[in-house]
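Before any comments, here is the structure.
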2 protein chains.
Amino acid sequence: MTSVEEPARPGGRIRDAARTQAEILDVATQEFARAGFAGARVDEIAARTRTTKRMIYYYFGGKEQLFTAVLERAYAVIREAEQGLDVEHLDPVAAIRRLAEVTFDHHEQHPDFIRLVSIENIHEAVHIAASEKLGKIGSPALDVIRRILEQGQQSGLFTADVDAVDLHAMISSFCFFRVANRHTFGALFGRDLIDPARREHYRTMLGDMVIAYLTAERATA
Amino acid sequence: MTSVEEPARPGGRIRDAARTQAEILDVATQEFARAGFAGARVDEIAARTRTTKRMIYYYFGGKEQLFTAVLERAYAVIREAEQGLDVEHLDPVAAIRRLAEVTFDHHEQHPDFIRLVSIENIHEAVHIAASEKLGKIGSPALDVIRRILEQGQQSGLFTADVDAVDLHAMISSFCFFRVANRHTFGALFGRDLIDPARREHYRTMLGDMVIAYLTAERATA
DNA sequence: TAGCTAACGTACTAGTTCGTACATTGTGAG
DNA sequence: CTCACAATGTACGAACTAGTACGTTAGCTA
């Protein structure tokens with residue numbers, strides 16, 4: 001989260017377009033994640049900024065476009081994390097496990113991102129569809145998965161014939177659910193999925209699950 | 001979904017408290033699922049009912065309580081489906097696979113339920129916490145899982161030392177993600193997780209994954 | 001059949017919320 | 001130094017929205 005924290009120059013306005021925009025995005029991210037799109041209040045966002053509501057409309061055009069901008073920046077962060085993925089030197093099993101751990105860690109560390117994605121799904125991804133930036137950016141993680149999978153399958157280590165997108169879905173679903181559904185799951189089953197005491201347990205469980213799936217003897221269909 | 005469809009008696013009001021309440025709940029379920037809690041409009045719910053907004057407040061008290069009532073009924077439906085689970089006669093592997101399939105099918109058939117749960121998580125499960133009905137109802141599925149797991153572990157078939165709650169989370173996460181994140185996933189990766197053509201593929205994948213995890217040789221820690 | 005009450009409808013209000021018209025000031029270019 | 005425009009602030013309004021005050025009717029019961 002690129003947060004902006006310079007103290008206001010005492011007396012007189014500050015004129016810094018980039019800073020103002022970044023600050024609006026920071027606060028808007030929190031507010032949308034807190035209350036959903038409809039529940040978020042433009043006035044509330046403005047109030048928690050060092051600028052005014054006028055600026056939100058000046059820079060972003062409206063509530064809808066602001067939400068889109070928030071989404072775009074949130075996705076940029078995860079793409080960046082995936083860019084830094086360096087697992088090509090590992091053997092396929094270790095590489096997949098490492099990849100799963102990176103996803104696990106990122107989701108855990110960015111609950112606001114998870115909430116934004118949940119919210120965007122309630123709105124059937126209209127903002128992503130409308131965004132040029134988000135439209136056709138394939139995840140860098142996908143390319144990595146593709147290469148590891150190929151290696152593992154050629155060497156005969158991986159028996160499953162999944163493709164990269166499906167494996168990505170499998171890993172994401174576990175990591176996403178753990179964060180997104182934390183509250184209802186906790187309320188209904190009395191178990192906090194985010195409890196630090198169980199963190200390693202779930203992190204290992206995810207890796208075990210994925211590797212077990214990839215390396216299991218498949219019924220000769 | 002208990003839907004109400006009797007034609008209105010022509011001329012003159014009908015007086016049927018149960019029917020009115022059920023109809024309000026039906027419409028409210030759709031409206032909340034469509035737009036989230038804050039996005040849902042009480043007036044819109046009333047308009048699509050054969051009764052008026054006054055009745056919503058008469059029977060439910062307010063928007064918040066109406067949402068709670070909607071949640072309560074939605075959870076009652078899934079509990080009912082789980083009650084009908086009859087897998088005790090199967091061997092552990094088949095039983096787990098069957099259980100996963102039932103979850104898979106139910107989630108797919110009740111997208112509104114999934115959306116409501118997503119929405120409730122955005123609100124940090126306050127309505128579940130406030131509800132007496134939803135507070136301490138353990139899922140019937142959990143008991144079933146517990147028994148199957150015990151069987152499988154005693155017979156040495158299952159090597160993993162998961163407990164029922166974690167296995168439930170594992171199965172749910174895949175099924176939930178597939179429905180809940182359908183839109184963003186489709187928009188970003190160009191793959192519709194709900195495409196009927198891939199339904200069997202994912203249904204099998206889930207079973208394979210869970211069984212592989214449960215039966216894999218674990219590293220002797 | 002009179003009367004009582006649960007069930008229902010109409011019309012309204014107080015407060016909110018997104019968005020904008022208009023006025024103002026900082027600052028870099030020339 | 002000044003001038004043009006980007007950046008900013010103030011004040012307001014139109015539309016919406018949850019919730020309610022008050023009046024009406026159906027249908028059971030005594």
Side-chain angles (χ1 to χ4, degrees), chain A residues 4 6-32 34-70 119 123 126-127 130, chain B residues 4 6-32 34-70 119 123 126-127 130:
Chain A
V4 179
E6 299 146 44
R9 180 152 29 128
R13 325 181 186 178
I14 315 133
R15 314 200 69 158
D16 186 339
R19 203 226 60 193
T20 301
Q21 291 176 50
E23 193 176 351
I24 290 172
L25 282 177
D26 283 344
V27 176
T29 298
Q30 291 172 33
E31 174 68 1
F32 280 124
R34 181 189 67 81
F37 178 76
R41 298 287 162 245
V42 177
D43 283 298
E44 179 64 22
I45 294 171
R48 282 163 50 198
T49 301
R50 266 171 300 175
T51 183
T52 64
K53 187 166 51 156
R54 176 72 185 75
M55 288 297 98
I56 293 175
Y57 289 89
Y58 183 69
Y59 284 121
F60 297 97
K63 191 181 182 183
E64 206 101 21
Q65 293 107 302
L66 176 61
F67 184 72
T68 302
V70 164
I119 291 160
H123 298 285
V126 289
H127 305 95
Chain B
V4 179
E6 299 147 43
R9 179 150 29 129
R13 330 179 187 178
I14 314 132
R15 315 197 71 160
D16 186 339
R19 202 226 61 194
T20 301
Q21 291 177 50
E23 193 175 350
I24 291 172
L25 282 178
D26 283 344
V27 177
T29 298
Q30 291 172 32
E31 174 69 1
F32 280 125
R34 181 189 67 82
F37 178 76
R41 298 288 163 243
V42 177
D43 282 298
E44 179 64 22
I45 295 171
R48 283 164 51 200
T49 300
R50 267 172 297 175
T51 184
T52 65
K53 184 163 56 152
R54 176 71 184 76
M55 288 295 99
I56 294 174
Y57 289 89
Y58 183 67
Y59 284 121
F60 297 97
K63 191 182 183 183
E64 206 100 22
Q65 292 107 302
L66 176 60
F67 184 71
T68 303
V70 164
I119 291 162
H123 298 284
V126 289
H127 305 94

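Remember, it's a predicted structure, so these values are computed and weren't measured experimentally. So that the names make sense, note that chain A is the first sequence line, chain B the second, and so on, each numbered from 1.
At the heavy-atom level, Ala18(B) lies nowhere under 4.0 Å from the strands shown. At a threshold of 4.0 angstrom between heavy atoms, the contacts of Ala40(B) are confined to the sugar-phosphate backbone, with no base atom among them.
One interatomic measurement links the two molecules: CZ of Arg41(A) to P of dC16(D), which rounds to 15 Å at whole-angstrom precision. Rounded to whole Å, the distance from CG on Leu66(B) to C1' on dT17(D) is 15 Å. Taking atom CZ of residue Phe67(B) and atom P of nucleotide dA18(D), one finds them 14 Å apart after rounding to whole Å. For the pair Lys63(A) NZ and dT20(C) C1', the interatomic distance rounds to 17 Å; values are reported in whole Å. Phe60(B) places its CZ atom 12 Å from the P atom of dA7(C), with the value rounded to the nearest Å. Remark: C1' of dG9(C) and CZ of Arg50(B) are 16 Å apart, rounded to the nearest angstrom. In this structure, Tyr58(A) atom OH and dA6(D) atom P are separated by 6 Å, rounded to whole Å.
When the nucleotides dA6(C), dT10(C), dT17(D) are ranked by their closest atom to the side chain of Asp43(B), dT17(D) comes out on top. When distances run from any side-chain atom of Val42(A) to the nucleotides dG9(D), dC18(C), dG9(C), the shortest one goes to dC18(C). Checked against dT8(D), dA7(C), dG19(C), the side chain of Met55(B) finds its nearest nucleotide in dA7(C). Listed nucleotides: dG19(D), dG9(D), dG19(C). Nearest to the side chain of Tyr57(A): dG19(C). For Lys53(A), the side-chain atoms get nearest to dT20(C) when compared with the rest of dT8(D), dT20(C), dG19(D).
The shortest distance between the side-chain N/O atoms of Arg54(B) and the OP1/OP2 oxygens of dC8(C) is not below 4.0 Å. Contact annotation: Thr51(B) side-chain N/O to dG9(C) OP1/OP2 distance is under 4.0 Å. For Thr20(B), a side-chain nitrogen or oxygen approaches OP1 or OP2 of dC8(C) to under 4.0 Å. Of the side-chain N and O atoms in Tyr59(B), one or more sit less than 4.0 angstrom from OP1 or OP2 of dC8(C).
A parallel orientation is assigned to the rings of Phe37(A) and Phe32(A), their planes being inclined by less than 30° (bins at 30° and 60°).
Rounding to the nearest 0.5 Å gives a distance of 11.0 Å between CG of Leu66(B) and CD of Gln21(B). Of the inter-residue distances, the one linking Thr52(B) atom OG1 with Asp43(B) atom CG reads 10.5 Å to the nearest 0.5 angstrom.
For the salt bridge (Lys or Arg N to Asp or Glu O under 4.0 Å) criterion with Glu31(B), the lone passing option out of Arg41(B), Arg48(B), Lys63(B) is Arg48(B).
Residue Ile45(A) comes nearest to Val27(A) through the heavy atom pair O-CG1, 3.6 Å, listed as atom of the first residue, atom of the second, then distance.
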